[in-house]
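The model shown is predicted, which means the values in this text are computed figures rather than measured ones. One-based numbering, in listed order, for ligands and for the atoms of each. Numbers here are sequence positions counted from 1.
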Amino acid sequence: MLSCDASDETQHTTVTGKRILLIIGGGIAAYKCLDLIRRLRERGHSVRTVMTASAQQFITPLAVGAISGDRVFTDLFDRADEHDVGHIRLSREADLVVVAPATADLLAKMACGLADDLASAVLLATDKPVLVAPAMNPRMWLNPATKRNVATLQADGIHFVGPNVGEMAEQGEAGPGRMAEPLEIVAAIETLLRKSDPDLPLAGRHVVVTSGPTHEPIDPVRYIANRSSGKQGHAIAQAAAELGARVTLVSGPVTLPDPPGVQVVHVETAQQMLEAVRAALPADVGIFAAAVADWRVANASQQKIKKDKSSGTPTLKFVENPDILKTISERGPMRPGLVIGFAAETENVVELAIKKRRAKGCDWIVANDVSAEGGAMGGDRNTVHLITAQGTESWPPMAKIEVARRLVERAAEHLKQSQVNV
Ligand code: C5P
């Protein structure tokens with residue numbers, strides 16, 4: 001009845017024919033689930049649904065059943081259901097369990113391991129990956145109790161998509177708490193489904209990526225930064241996850257959303273970035289795409305520096321930041337098997353990057369032309385050269401996500417070759 005084989009329609013993007021168990025919680029965002037179900041079915045997935053009692057206050061089981069084309073499960077103690085399917089089977093006969101909207105109440109139940117209704121019993125019984133799409137009022141999301149529950153669930157390996165920041169259903173309320181849009185949830189679902197596919201080229205591999213700028217404080221309100229958007233590094237993290245890797249993305253401050261299915265560690269300074277990278281090791285591949293500040297302010301003030309005429313214009317003293325790429329490239333038991341650095345140059349791009357590869361001790365350098373014509377800084381396209389011990393390959397201009405996919409495919413081939421040659 002339910003197909004469970006997966007086939008990739010294209011090399012990177014589509015997973016189809018999977019069984020999704022969607023648990024619908026009681027929030028106004030429940031109406032978006034009808035679209036979510038439709039989008040999943042369009043992609044060839046089957047969707048079984050469980051609705052909590054409060055979800056049924058927002059949308060009806062009749063509507064959900066009509067769109068999903070399957071029975072809707074609502075009751076833990078339904079004799080027919082328990083005999084026919086049962087909460088244990090329901091939780092196991094799926095490739096992935098999705099909770100949307102994941103209300104504060106459902107998250108709390110999950111964090112505590114409660115099982116007093118069908119939804120929570122299924123969540124406690126499942127042996128499958130679980131993705132939650134939180135949706136609640138910003139005050140509820142920011143409440144310390146919810147924060148504790150989210151941290152517990154993350155530590156338990158539960159995957160999150162959203163919430164987004166924006167307007168609430170309540171007039172005049174805005175902030176973090178809007179449920180991710182159906183297509184964002186679909187993207188997160190497909191990333192997770194791909195990850196559990198053992199045939200993917202990076203399945204079972206750990207990839208650590210750095211991305212974005214760093215912010216180096218001058219005082220508690222001012223900092224030194226650079227123009228890096230993080231688009232290339234985030235695209236690499238996404239591409240590695242698409243190929244089945246477990247990905248840790250150490251990101252400086254950016255305005256981009258966290259890529260789906262990627263473990264993101266948010267940092268501000270170069271020192272924090274190095275610590276986070278070290279904590280994420282060991283890894284099979286390290287890709288260092290962040291634009292790390294070369295210097296930090298040695299005499300950063302603990303208090304806001306005042307515009308005080310008597311003390312005159314402040315003088316900043318700088319001290320060199322750790323070179324993360326160079327530090328991690330040094331030989332040692334924690335060195336990833338493949339270390340890839342980036343080199344942003346405006347002239348003599350290849351020549352300088354060849355020198356940089358040696359100076360940093362990394363295996364490959366992706367040299368990108370950040371001159372105005374290249375359009376790399378902040379843009380969606382990039383023109384790069386891949387520099388390895390064997391030579392230089394110049395790639396045509398392409399979208400950053402395409403650069404990312406090509407790079408991680410090359411990394412996967414390299415790992416496979418090294419395994420063959422051992
Ligand atoms: O030396 P430069 O900044 O041009 O080198 C670029 C490469 O080195 C990038 O891969 C960048 O992420 C990495 N880098 C680093 N730590 C620094 C400076 C650069 O990891 N402090």
Side-chain angles (χ1 to χ4, degrees), residues 207-217 223-237 239-240 247-254 256 264-281 283 285-298 318-330 332 334-336 338-371 374 376-378 382-388 392 400 403-404 407-408 410-411:
V207 177
V208 174
V209 182
T210 68
S211 181
T214 61
H215 284 183
E216 307 297 335
Y223 57 83
I224 294 172
N226 61 62
R227 293 185 197 281
S228 168
S229 65
K231 282 183 182 172
Q232 186 61 78
H234 277 55
I236 290 168
V247 182
T248 307
L249 171 64
V250 182
S251 173
V254 293
L256 302 171
V264 187
V265 184
H266 295 276
V267 297
E268 295 226 338
T269 67
Q271 285 174 303
Q272 290 167 357
M273 190 172 271
L274 175 60
E275 280 321 301
V277 168
R278 279 198 171 123
L281 296 178
V285 186
I287 306 181
F288 297 87
V292 185
D294 291 322
W295 301 279
R296 66 178 179 275
V297 180
F318 290 95
V319 57
E320 210 170 299
N321 262 332
D323 190 317
I324 302 167
L325 174 62
K326 201 168 172 189
T327 310
I328 301 302
S329 294
E330 278 162 12
M334 292 296 257
R335 187 192 194 275
L338 178 63
V339 179
I340 308 174
F342 269 69
E345 306 289 355
T346 52
E347 54 180 357
N348 301 332
V349 178
V350 170
E351 196 185 315
L352 292 173
I354 290 173
K355 283 190 188 141
K356 193 162 284 177
R357 193 184 79 84
R358 287 202 199 101
K360 301 266 187 177
C362 58
D363 302 300
W364 299 353
I365 280 266
V366 180
N368 55 336
D369 181 352
V370 289
S371 61
M377 267 300 178
N382 212 350
T383 311
V384 309
H385 310 269
L386 179 65
I387 287 139
T388 70
T392 301
K400 285 183 176 172
V403 170
L407 183 66
V408 295
R410 290 294 300 272

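An N or O contact shorter than 3.5 Å is missing between Asn321 and ligand 1 by distance. Taking any N or O of Phe342, backbone or side chain, at least one lies under 3.5 Å from an N or O belonging to ligand 1.
With a 4.0 Å heavy-atom cut-off, ligand 1 is reached by the backbone of Leu325 and by its side chain too. Under 4.0 Å from ligand 1, not a single heavy atom of Ala344 appears. Looking at Lys360 against ligand 1, only its side chain comes within 4.0 Å, counting heavy atoms.
Interface atoms of ligand 1 facing Pro322, defined by a heavy-atom separation under 4.0 Å, are 16 (N), 17 (C), 21 (N). The atoms of ligand 1 that sit less than 4.0 Å from any heavy atom of Phe288 are 9 (C), 10 (O), 11 (C), 12 (O). Ligand-side atoms of ligand 1 in range of Ala290: 11 (C), 12 (O), range being under 4.0 angstrom from any heavy atom. Near Gly341, meaning under 4.0 Å from one of its heavy atoms, ligand 1 places the atoms 10 (O).
Nearest residue to atom 17 (C) of ligand 1 from Thr210, Asn226, Ile340, Val292 is Val292 (criterion: closest heavy atom).
Nearest to atom 2 (P) of ligand 1 among the protein's heavy atoms is Lys356 NZ, 3.5 Å. Protein heavy atom closest to atom 3 (O) of ligand 1, with residue, atom name and distance, is Asp294 OD1, 4.1 Å. Regarding atom 16 (N) of ligand 1, its nearest protein heavy-atom neighbour is Ile324 N, 3.0 Å.
A heavy-atom separation below 4.0 Å is not found between Ala291 and ligand 1. Heavy-atom distances between Asp323 and ligand 1 reach below 4.0 Å in at least one pair.
Between Trp364 and Ile387, the closest side-chain pair of non-hydrogen atoms is not below 4.5 Å. No side-chain heavy atom of Ser211 sits less than 4.5 Å from a side-chain heavy atom of Ile236. Using a 4.5 Å heavy-atom cutoff, the side chains of Val207 and Val408 are not in contact. A heavy-atom distance below 4.5 Å is found between the side chains of Arg278 and Thr327.
Shown are Asp323, Val250, Leu325; of these, the side chain to side chain contact (heavy atoms under 4.5 Å, CB included) with Phe288 is made only by Leu325.
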